[in-house]
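Residue numbers count from 1 along this sequence.
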Amino acid sequence: MFKRIINYKGFWKSVLILGVSFGVILFLLKWAFSGFSFENLSPTPRFFIGWAMTSLFYGLIMTFIKFWAKLKEKDNRSK
């Protein structure tokens, strides 16, 4: 089932779109909690690497769950 999901058409595009949108929300939340000040935000290369990895991981997990449910429902209908 894992290979079937990750090879499904549109899976990786959905991962990227969901990951980027989550990353933007995550960045805005961090900026809001720093008082909307870039001085307090202190964006370092470590922060950006962690931000990108977290965003893409979230996109991967959420998209995998979405496609798993979609394929499971499709399989149950065909029975």
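Every ring pair (Phe, Tyr, Trp, His ring centres under 6.0 Å) that F36 has, sequence neighbours left out, goes to W31.
Follow the hydrophobic side-chain contacts under 4.5 Å out from I65 and you reach F22 in the same cluster.
The pair K70-D75 does not count as a salt bridge, with every side-chain nitrogen at least 4.0 angstrom from each carboxylate oxygen.
Shown here is F57, whose CZ atom has no more than 12 heavy atoms of other residues, nucleotides or ligands within 6.0 Å.
With L28 as the partner, the side-chain contact (heavy atoms from CB on, under 4.5 Å) test is satisfied by one option alone out of L26, V24, I25: V24.
Residue F2 shares its hydrophobic cluster (ILVMFWY side chains chained together at separations under 4.5 Å) with M1, I5, I6, Y8, F11, W12, V15, L60, F64, F67, W68, L71.
The side-chain hydrogen bond (donor to acceptor under 3.5 Å, both in side chains) analysis of residues 46-66, with sequence neighbours excluded, yields the pairs S14-K66.
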Test log, rule side chain to side chain contact (heavy atoms under 4.5 Å, CB included), inputs L56 and L16: CA-CA 7 Å; L56 290 177; L16 188 63; 4.2 Å; yes
